[in-house]
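One structure is given below, encoded as structure tokens.
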Amino acid sequence: MADGVDSRMYDFGAGKSAIRTVFEQTCELRQQGVHDFWDFSIGNPDVPAPPEVDDAIREVLAELDPIDVHGYPPNNGWLTTRQAVAANLNRRFGARARASEIAMTGGCAGAITATIAAVTSAGEDVIVPVPYFAEYRMYIQAWNCRCVEVPTLPRTFQLDLDAIERAIGPTTRMVIVNTPNNPTGAIYTDESLRELGALLRRKSRELGQTIYLLSDEPYREIVYDGRQSSWVADHYENTIVCYSWSKSLSLAGERVGYVWVPSTVRHARRVYDAILGAQRVVNSICNGLFCRVIERCVDLPAPVAAYERKRDALYAGLTRIGYDVVHPDGAFYLWVRALERDDDAFQERAANEERLFVVGSEDFAARGYFRLSYCVSDDAIEKSLPAFERLFRSYGGYQWQADEPMLPRLRCAS
Ligand code: PLP
């Protein structure tokens with residue numbers, strides 16, 4: 001019966017994702033006063049924000065006029081904040097960014113949603129390599145576009161350029177890449193990004209339409225073993241960069257990020273203004289106080305050593321037990337082959353038998369894997385390993401072939 005409720009929005013709100021299901025289970029346990037469980041479900045950083053952030057909050061409150069802290073900021077954020085961000089990008093990446101090309105946003109999610117809204121029209125396609133951050137699906141479908149899922153290469157989870165080429169057609173408007181990647185921890189190689197740039201340039205020419213590349217970079221600084229993350233915008237002129245300090249400075253709850261539209265982007269000014277329009281519609285404006293704080297903290301380093309220590313401990317512990325784990329080069333997730341092919345059943349059994357809360361691969365549009373978010377305490381990592389070991393033994397090891405490739409669910413959701 002028609003009740004006036006928009007069914008798409010209803011599905012986004014009421015739909016049970018694996019992350020949401022697991023999250024609700026852990027909330028319920030906490031409410032019951034139960035604490036002997038292991039929550040690897042959500043990417044909410046356990047490493048505290050650097051003390052300089054608290055100092056900056058105090059400075060901002062002491063030094064600025066209250067209206068310049070708590071009042072409405074301009075829709076694209078304070079000029080001085082955007083200048084600080086541009087200077088940071090120019091110093092680190094030789095980006096030639098200008099403050100006028102940057103818009104401050106409510107986190108990376110706000111930047112992505114506004115960008116998709118700004119450059120797509122209903123019925124167009126946005127291509128996403130699988131596995132991917134589940135929310136993309138919703139950000140794309142909200143604007144009546146199709147989320148076109150393409151596989152990545154087996155085992156390495158690097159970009160499969162042939163698959164991307166096959167997926168591009170007359171209705172393609174955008175490709176999203178996320179490196180370092182949630183959930184695999186893969187860092188896309190410079191070579192593959194260069195090839196992707198060449199492919200998108202060629203296809204844009206052939207089809208007579210601009211294909212934008214959205215580079216989603218909240219884990220940009222969280223890279224290990226002395227590696228450098230690639231600077232995606234170097235490889236394709238129509239790249240739009242989305243970033244936040246949710247992960248790099250542990251400020252997930254403060255909703256502070258930005259979108260950068262380089263001058264090389266086709267119709268850059270129109271794209272930028274359309275992003276501001278979308279910002280007004282979804283009201284994903286940056287938190288004013290935290291714009292001021294970021295101005296003072298933009299050059300602080302991410303706590304890479306802490307995450308590298310956690311990665312090493314969990315990766316070593318799980319592989320010693322016998323789990324088949326993808327070795328992550330960045331971000332703070334482990335992508336692990338589930339002990340049975342049905343990862344939903346595995347997720348449930350891990351929670352029921354050992355109170356290990358992990359996320360099956362459906363949310364990431366994949367199959368046969370689960371994700372562990374290791375932005376948790378070192379103690380939780382160490383103390384959970386016996387539970388992982390008991391679970392492995394109770395299954396009797398892997399119940400499906402190690403050499404089966406990961407099968408994307410490939411729903412090509414619309
Ligand atoms: N993109 C990816 C790949 C993420 O993993 C997340 C959050 O987990 C986001 C975007 C959203 O980031 P934010 O919290 O800054 O909106």
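The analysis underlying the following values was restricted to heavy atoms, covering all of them including side chains, and did not include hydrogens, waters or symmetry mates. In listed order, ligands and their atoms are each counted from 1.
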Counting from 1, what ligand 1 atoms have a heavy atom of [X] closer than 4.0 Å?
X	value
D216	1 (N), 2 (C), 3 (C), 10 (C)
R255	13 (P), 14 (O), 15 (O), 16 (O)
N178	3 (C)
G107	15 (O), 16 (O)
A109	11 (C), 13 (P), 16 (O)
S246	13 (P), 14 (O), 15 (O)

Winner among F133, W245, Y333, Y139 once heavy atoms are compared against atom 9 (C) of ligand 1: F133
E237 and its side chain to side chain contact (heavy atoms under 4.5 Å, CB included) partner, picked from T264, L200, L213, T210: T264
Cation over ring face, R337 and Y398, 6.0 Å, 45°: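 Yes; both conditions hold, so R337 lies above the ring face of Y398.
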W78 six-ring face occupied by R292 cation (under 6.0 Å, within 45°):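 Verdict for W78: a cation-pi partner in R292.
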NZ/NE/NH1/NH2 to OD/OE distance under 4.0 Å, [X] and [Y]:
X	Y	result
D344	R349	no
R309	D378	yes
R155	D324	yes
R8	D11	no

Side chain, backbone, both or neither: S244 near ligand 1, heavy atoms under 4.0 Å: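 It is the side chain that gets close, since no backbone atom is under 4.0 Å.
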Which segment of K247 sits under 4.0 Å of ligand 1 when only heavy atoms are counted: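 Under 4.0 Å from ligand 1, K247 contributes side-chain atoms alone.
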Closest approach of any protein heavy atom to atom 12 (O) of ligand 1, naming residue and atom: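 Protein heavy atom at minimum distance: C108 CB, 3.5 Å.
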P218 touching ligand 1 at heavy-atom level, < 4.0 angstrom: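 The answer is yes: ligand 1 sits under 4.0 Å from a heavy atom of P218.
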Whether Y374 and Y224 hold their rings parallel, tilted or perpendicular, with breakpoints at 30° and 60°: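 Correct class here is tilted.
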N/O separation below 3.5 Å, Y219 to ligand 1: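 Yes; the residue has a nitrogen or oxygen that sits under 3.5 Å from a nitrogen or oxygen of the ligand.
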